[in-house]
Every structure is written in C-alpha cells, then in structure tokens.
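As structure tokens, the structure follows; a few thoughts come after it.
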Amino acid sequence: MTQEWKHSKYREKIQDKVLYVTCEQSCFKLTEDKWEEVPELESTQEEADTCLLLHTLHAARDGYTAAIICSEDTDVFIISLAMHSTMNISIYHKFGTKNRTRYADVDKIGRSHGQGICDSLIGLHAYTGCDSVSSFTSKGKLTALKLLKEDPSNQAIKQLGQCWQVSDGIFEKLEQFTCAMYAGSSSNKSRNSATEGNSVNELRYQLFCAKIGGAESSQLPPCRDCLFLHAQRANFQAAIWRRCLEPKPNVPSPIEHGWTEEDGKLNILWMRSAPAPEVVLELLSCKCSRVCKLPDCKCLVNGLACTDMCKLQTCTNQTMQQEEPDLELYSEDSEDEYAVQHIHMFLALLCMCLKVPYVSTIC
C-alpha cells in the first residue's frame with residue numbers, strides 16, 4: 001500500500017496535508033508534490049503504541065505546537081501522560097465515536113495529578129496488568145492508584161522500567177506495595193492488625209487462617225516466587241514503554257525476564273519452585289470416576305500426578321510404580337509401616353498449618 005501511495009495519482013489526494021507512513025522499520029513522508037524517506041523516523045520499535053509517541057516528538061521538533069493522538073488504547077494514554085513533560089508540544093487524545101467524540105487534554109490532566117504521579121503511571125500500569133502482563137484478581141488499578149497517591153514517594157513503582165533488571169531493593173518495596181493492596185481492602189480492615197507486614201507469604205498464611213481455611217486461591221496474594229516473576233515481566237514491559245522516544249532501543253530477549261521459550265514459542269514462567277511442600281502434594285487427590293482428563297481432573301489442571309488418595313486408581317496420570325522390594329528387605333509389617341508413614345505425613349501437614357516444629361522419628 002505504501003508503494004501505491006508513492007504514485008502521483010494518489011499523492012494528489014493528499015492536497016495540502018503531509019502524510020507520514022510507517023512500513024516495517026522505514027518511514028516515508030508523502031506530500032502532493034513528492035515522497036521521501038525520513039531517516040530520523042526509522043525505528044525498530046515493534047508496537048504502534050510507542051511509535052505514536054516517537055512521531056509526536058518528531059512533530060514537536062518540526063515546529064508543530066499541538067498533536068492529536070487518535071487511540072482508544074489505555075497503554076498509549078498512560079505513556080502520553082508519563083512523557084508529555086519531555087516534549088515541547090500540547091498533546092490531546094481523541095476518544096469516542098463519530099457522533100460522540102471527546103478530546104482529553106493530556107497536559108492539563110498531567111498538571112492535575114502532578115509530575116511525580118505521572119512518572120509512576122507507567123510502572124503502575126504494567127504492574128497491575130496490561131496486554132502482556134497479568135493482573136491481580138479483584139485488585140483493580142484504582143486500588144493501586146489510591147495507594148500510590150497516599151505515598152507518592154514510592155520509588156519502587158517509579159523505578160519500574162528504569163533498567164532491565166529488578167533489584168532486590170525494588171522487589172522488597174513491590175512486595176510491601178502488594179501486601180498493602182491485599183491487606184487494605186474493606187473486607188480486611190477488621191483484621192489489618194493481624195495481616196500487617198511486608199511478606200506476601202506471611203500475608204497468604206494470615207488471610208488463609210482468617211477465613212478458617214476457606215479462602216479461594218484468587219483471594220490470596222501470589223506467593224513470593226510468583227510475584228518476583230510477575231515483577232520481572234512488568235519491569236520488562238515498562239522498560240519498553242519508557243524508551244518510546246528512542247528510535248532504536250536496545251531491547252534484550254524476554255527470556256530470563258519472566259518468560260521462557262519452548263518449541264520456538266514464548267510462554268509465561270509462572271513459578272520456579274514447587275506449588276506446595278511435597279508432603280502436601282502427596283495428600284492432594286481428584287474425584288474422577290471414569291478417566292482423568294483436562295479440564296475436569298484437578299491433578300492434571302495443577303500439573304500433578306494422581307496419587308493413591310485419588311478415587312480412580314487405574315488412570316494414566318499416576319506415576320510409574322516402583323519395583324517391588326527384594327524379599328530380604330520386605331517386612332511382614334510393611335502394611336503397618338505404610339500406615340505409619342501416612343500418619344507422619346498427616347502430622348507434618350498439621351504442624352505446618354499450625355506453624356509449630358515437627359520432628360519425625362520412624363523406627
């Protein structure tokens with residue numbers, strides 16, 4: 001299409017306007033009289049979200065005093081708010097339909113919130129969920145924004161995306177911020193004193209106990225391992241947005257930043273550790289009666305093998321049975337020993353829930 005518009009019969013339709021067309025990494029300037037390539041707009045940016053701001057900066061340097069960005073995408077609006085102070089141009093966002101059109105004055109909105117909040121919006125938007133980063137269940141962006149306004153000096157959110165790595169210091173602040181999101185809701189205000197802290201693992205335990213074991217996983221914050229990988233993905237996306245004014249940003253591979261590659265496809269790395277202690281995993285069971293298959297089998301859904309406690313004992317999801325022990329090692333009391341091991345397993349699980357030490361001695 002770009003090649004066709006280079007012909008004079010199409011360019012004459014432009015009349016007194018100037019049209020910039022991006023095709024892959026190249027950009028062309030089309031006028032009624034001629035067309036030419038624009039080297040300063042040659043870009044390796046992959047998303048139109050960031051290219052829009054790059055072109056806005058180019059318009060400012062060309063002497064334009066105002067730019068209207070036509071986009072319904074929240075990402076573009078957030079990036080505009082964060083970057084508006086760095087460009088000498090008035091930015092407006094056009095929303096709505098042909099019959100109901102609205103124009104948002106980005107500069108005015110930025111002044112009302114303050115530059116400190118605007119600088120943090122990119123990190124906040126990425127951390128609380130966007131197209132490429134998952135969100136926290138039942139914890140919307142408004143909750144996070146209120147927390148940010150209560151403490152505008154929160155450097156962790158503001159520093160997301162400043163570099164490509166998440167330091168231990170930033171992650172500790174993000175963990176505190178996440179705890180505040182879950183412990184500060186109206187349903188938890190009555191037990192805030194019991195859930196105050198900076199550890200998501202401790203908060204998960206407190207909230208689970210507060211509901212007497214009846215808490216759904218969606219009501220609990222992610223564990224520390226999952227949260228760190230989430231922070232890596234949010235930081236990676238925020239870093240790309242913060243470099244939207246660079247034509248050719250040096251973007252590393254998303255591998256080792258919360259994603260993994262398998263069979264040439266990019267997959268989310270949700271966690272690196274086991275979902276639960278081994279003693280708990282051995283007590284999990286499904287209630288499949290005929291066959292264990294997705295999405296009905298709870299063991300398969302969680303990536304676990306079926307155990308002896310499952311209802312169906314002949315499914316293909318069970319682990320390979322170990323070879324029978326040698327006769328000389330086989331005891332007449334093997335059934336009793338098997339029962340004792342399960343008792344110890346249950347006691348270990350109980351002590352773990354009660355947070356008391358458990359010392360096992362099997363004779």
Side-chain angles (χ1 to χ4, degrees), residues 120 122-148 151 154 156-157 159-161 165-188 191-192 194-239 254-260 266-278 280-281 284 295 298-299 301-304 352-353 355:
S120 303
I122 282 184
L124 185 74
H125 181 49
Y127 191 70
T128 53
C130 58
D131 292 344
S132 57
V133 183
S134 57
S135 60
F136 298 94
T137 304
S138 302
K139 304 300 174 185
K141 296 182 182 295
L142 187 59
T143 301
L145 181 60
K146 287 180 178 178
L147 287 173
L148 183 63
D151 183 16
N154 191 313
I157 296 295
Q159 290 178 6
L160 273 178
Q165 301 295 333
V166 179
S167 66
D168 294 339
I170 291 178
F171 178 65
E172 289 178 4
K173 294 293 184 181
L174 290 173
E175 189 174 9
Q176 295 175 18
F177 187 82
T178 306
C179 289
M181 286 173 56
Y182 280 85
S185 63
S186 58
S187 61
N188 295 328
R191 54 177 179 273
N192 268 353
T195 58
E196 286 180 351
N198 301 326
S199 169
V200 287
N201 287 348
E202 182 67 22
L203 181 60
R204 282 169 61 88
Y205 173 77
Q206 295 289 349
L207 293 177
F208 185 80
C209 292
K211 290 184 175 290
I212 319 177
E216 297 290 336
S217 59
S218 59
Q219 297 175 304
L220 304 176
C223 67
R224 201 171 194 270
D225 181 49
C226 292
L227 186 64
F228 179 74
L229 294 170
H230 173 86
Q232 282 189 317
R233 291 188 292 273
N235 182 76
F236 187 84
Q237 180 60 75
I255 308 301
E256 304 299 331
H257 291 275
W259 285 277
T260 183
L266 199 63
N267 298 315
I268 296 176
L269 180 60
W270 292 109
M271 63 169 53
R272 297 167 299 185
S273 59
E278 190 66 28
V280 176
L281 296 179
L284 295 179
K298 292 183 177 181
C299 294
V301 167
N302 291 281
L304 303 173
M352 182 184 67
C353 294
K355 301 189 74 174

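- Here the side chains of R272 and L229 are in contact, with some heavy-atom distance below 4.5 Å.
- Rounded to the nearest 0.5 angstrom, R233 CZ and S134 OG are separated by 5.0 Å.
- For C299, the side-chain contact (heavy atoms from CB on, under 4.5 Å) partners are C286, C297, C306, C310, N317, not counting sequence neighbours.
- For the pair L266 and P254, the tightest heavy-atom approach, listed with the atom from each and the gap, is CD2-CG, 3.8 Å.
- Judged as a side chain to side chain donor-acceptor pair (under 3.5 Å), and not counting sequence neighbours, the contacts of R224 are E175.
- Taking the side chain as every heavy atom from C-beta outward, Y127 and H230 approach each other to under 4.5 Å.
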**Message:** Apply side chain to side chain contact (heavy atoms under 4.5 Å, CB included) to residues Q219 and L207 and explain how you reach the verdict.
**Reply:** CA-CA 8 Å; Q219 297 175 304; L207 293 177; over 6 Å; no

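- Applying the side-chain contact (heavy atoms from CB on, under 4.5 Å) test to S120 and every residue at least two apart in sequence or in another chain returns L148, I157, K158.
- Counting all heavy atoms, side chain and backbone alike, A180 lies closest to L147 at C-CD1, 3.8 Å.
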**Item:** CA sep, side-chain torsions, deciding dist, call: L142, K146, side chain to side chain contact (heavy atoms under 4.5 Å, CB included)
**Value:** CA-CA 6 Å; L142 187 59; K146 287 180 178 178; 3.9 Å; yes

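- Closest non-hydrogen pair, L203 versus P221, comes out as CD2-CG, 4.0 Å.
- Annotation for L124 and A144: closest pair CD1-CB, 3.6 Å, computed over non-hydrogen atoms.
- In this structure, D131 has no side chain to side chain donor-acceptor pair (under 3.5 Å) partners at least two apart in sequence or on a different chain.
- Atom CG of D168 is surrounded by 12 or fewer heavy atoms from other residues, nucleotides or ligands within 6.0 Å.
- Residues E172 and N198 have side chains not in contact (no heavy-atom distance under 4.5 Å, counting atoms from C-beta outward).
- In this structure, the side chains of S132 and F236 stay at 4.5 Å or more apart for every pair of heavy atoms.
- Considering only heavy atoms from C-beta on, L220 stays 4.5 Å or farther from V200 through its side chain.
- Under the 4.5 Å side-chain criterion, counting only non-hydrogen atoms from C-beta, N235 is not in contact with F171.
- W259 is listed as a side-chain neighbour of I268, based on a closest heavy-atom distance under 4.5 Å.
- Considering only residues two or more places apart in sequence or on other chains, S273 meets the side-chain contact (heavy atoms from CB on, under 4.5 Å) condition with D225.
- Heavy atoms only, all atoms of each residue included: V133 and Q237 are closest at CG2-CB, 4.2 Å.
- Legend: residues meeting side chain to side chain donor-acceptor pair (under 3.5 Å) with K141, ordered by chain and number and at least two apart, are H125, T128.
- Taking all atoms of both residues into account, the shortest heavy-atom contact from A156 to I170 is CB-O, 3.7 Å.
- Under the side-chain contact (heavy atoms from CB on, under 4.5 Å) criterion, P222 pairs with F136, Y182, C226, L227, not counting sequence neighbours.
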